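Worksheet for the structure shown next.
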Amino acid sequence: MQLIGPFKQLIPMSGLSIKGAISDDDLLVFEDAGLLIDGAHIKAIGKFDELKVTYGHAEIHVLKGDHTCLPGFIDSHTHICFGGSRATDYALRNSGKTYLEIAKAGGGIWDTVTQTRKASQEQLVKKTTKLANRHMKNGVTTLEVKSGYGLSVSEELKMLRAIQEANRGTSTDLISTCLAAHMLPKDYQGDATEYLMEIADTLFPILQQEELTHRIDAFIEDSAFSEEEIRPYFQRATNMGFDITVHADQFSTGGSAVAIACGAISADHLEASTPTEIALLAQSDVIATALPGASLGLGCSFTPARKILDAGGALAIASDHNPGSAPMGDLLTQAAILGAFEKLSNAEVLAGITFRAAAALNLTDRGQLKEGALADFILFHTSDYKEILYNQGNFKPCVVFKKGVKVFDKHQ
Ligand SMILES: [Zn+2]
């Protein structure tokens, strides 16, 4: 066993509701705290001095200076497995070119599909591992990664195998998701329904045989798939035991209703959600996930996070890190910015990137510091947790622990 501390503050993010608004007054703050770890899990939390007496036989690590301890961050929505770059698209878009003009110039999502198909599995593993390690150093100890730039059975398999291999090469946990329903591939000889049924018939069984993922995602939008096309696809997935997540209500509404009807774990984006969608989401068990990185990348409005929380919804915040609309990939910065624009409390922002993000991935063993949870935690060099979001992302963790092992230390 290891005892680590003392922390000026330890914010366990426990005892808070999964849904609805949270005030900073609701946050538990342990002062002069210690964390007792047994292997990969947390054994106890309490006053450092008291733990030292009770667990005198533990290996004791005394920290110098002021530190605040939080659960490791969880980024529940990314697309960091890809080939190429979309820097030219980004410049064109910011020069006022339209989506169609960019697509005609050879850009857009199809460009990423082409570049990802050209890349070898090894190249994708290398790139994904590198980006995952960058997130880890920024305090992200669990990171979702989607496929969706392969768009054929073999190319989607290449991506998901690359994500699986990258997971072995990084200390952060990569949670993979199959997004073969990202868009109808331009080169597919058939309609959307035929494509989706081919994926369900051929790809889904292999995903289970190789244990490549237990999560199926789809993009419901005018430019991607309709509600009618996706419902039977999700039905197939749920019948086979997959968890469902949806790209919903980004530019037009409809996706969130499918998410609710299909029992999705989360509905992500929601920039276009109106009070009707917000009320229905809030009444459901679906986690609403805001993706401020996409709003920043596209220059669009943010997900109505305040309204979702006030209606009683569960709000997670993720980076949507992808080469097209969200190239920054900095969860803490984006969550802090969303908080400032949407008037979210520290507690609500931190919940969105810890235990509520864990719920968006259907994970119950992380996102809170409590007995039995994974010992995934991060330290900031401050005596006041409010400094973290106040610095709007420019204040990063100095130490990252994953499953009880120190995997990053800025001072070393
Ligand atoms: Zn996305």
Side-chain angles (χ1 to χ4, degrees), residues 74-84 86 89-90 93 99 108-113 115-116 128 131-132 135 140 142-151 156 159-160 163 174-185 213 215-225 230 233-234 243-256 258-259 264-273 286-303 305 315-331 334-335 338 352-353 357 360-361:
I74 296 172
D75 193 340
S76 63
H77 182 138
T78 84
H79 308 249
I80 61 162
C81 182
F82 62 88
R86 301 255 292 281
D89 280 26
Y90 189 78
R93 192 163 61 235
Y99 176 84
I109 186 173
W110 191 250
D111 178 42
T112 300
V113 173
Q115 299 299 326
T116 305
T128 307
L131 290 174
H135 283 277
V140 176
T142 299
L143 183 75
E144 189 259 14
V145 188
K146 299 176 195 298
S147 67
Y149 297 126
L151 305 185
E156 285 291 305
M159 286 192 75
L160 287 158
I163 296 165
L174 303 187
I175 309 292
S176 60
T177 305
C178 175
L179 180 58
H182 201 177
M183 66 182 279
L184 180 63
T213 182
R215 292 166 46 85
I216 302 294
D217 192 352
F219 193 6
I220 299 177
E221 195 53 64
D222 295 342
S223 58
F225 295 98
I230 290 302
Y233 180 69
F234 277 166
D243 281 350
I244 298 295
T245 178
V246 191
H247 281 69
D249 299 2
Q250 185 180 12
F251 303 109
S252 59
T253 56
S256 56
V258 176
I265 306 294
S266 78
D268 303 15
H269 272 300
L270 310 172
E271 293 89 334
S273 296
V286 178
I287 308 286
T289 304
L291 305 172
S295 302
L296 292 167
L298 296 171
C300 294
S301 59
F302 288 108
T303 301
L315 182 85
I317 304 168
S319 73
D320 195 20
H321 192 184
N322 76 73
S325 59
M328 183 208 287
D330 188 324
L331 180 65
Q334 294 167 5
L338 181 74
I353 56 177
L361 295 172

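All ligand and atom numbering here is 1-based and tracks the order in the structure. Keep in mind that this is a model prediction, so the values were computed, not measured.
Per residue His247, closest N, O or S atom to the Zn ion (ligand 1): atom name NE2. Taking the Zn ion (ligand 1) as reference, Asp320 places its N/O/S atom OD1 nearest.
Between the side chains of His77 and His247, at least one donor N or O lies within less than 3.5 Å of an accepting N or O. Judged by distance alone, the side chains of Ser319 and Gln334 never bring a donor and an acceptor atom under 3.5 Å apart. Side-chain polar atoms of His135 and His321 form a donor-acceptor pair below 3.5 angstrom. If you check the side chains of Ser266 and Thr245, you find a donor sitting under 3.5 Å from an acceptor.
The Zn ion (ligand 1) does not have Asp268 among its coordinating residues (no N/O/S atom, backbone or side chain, under 2.8 Å).
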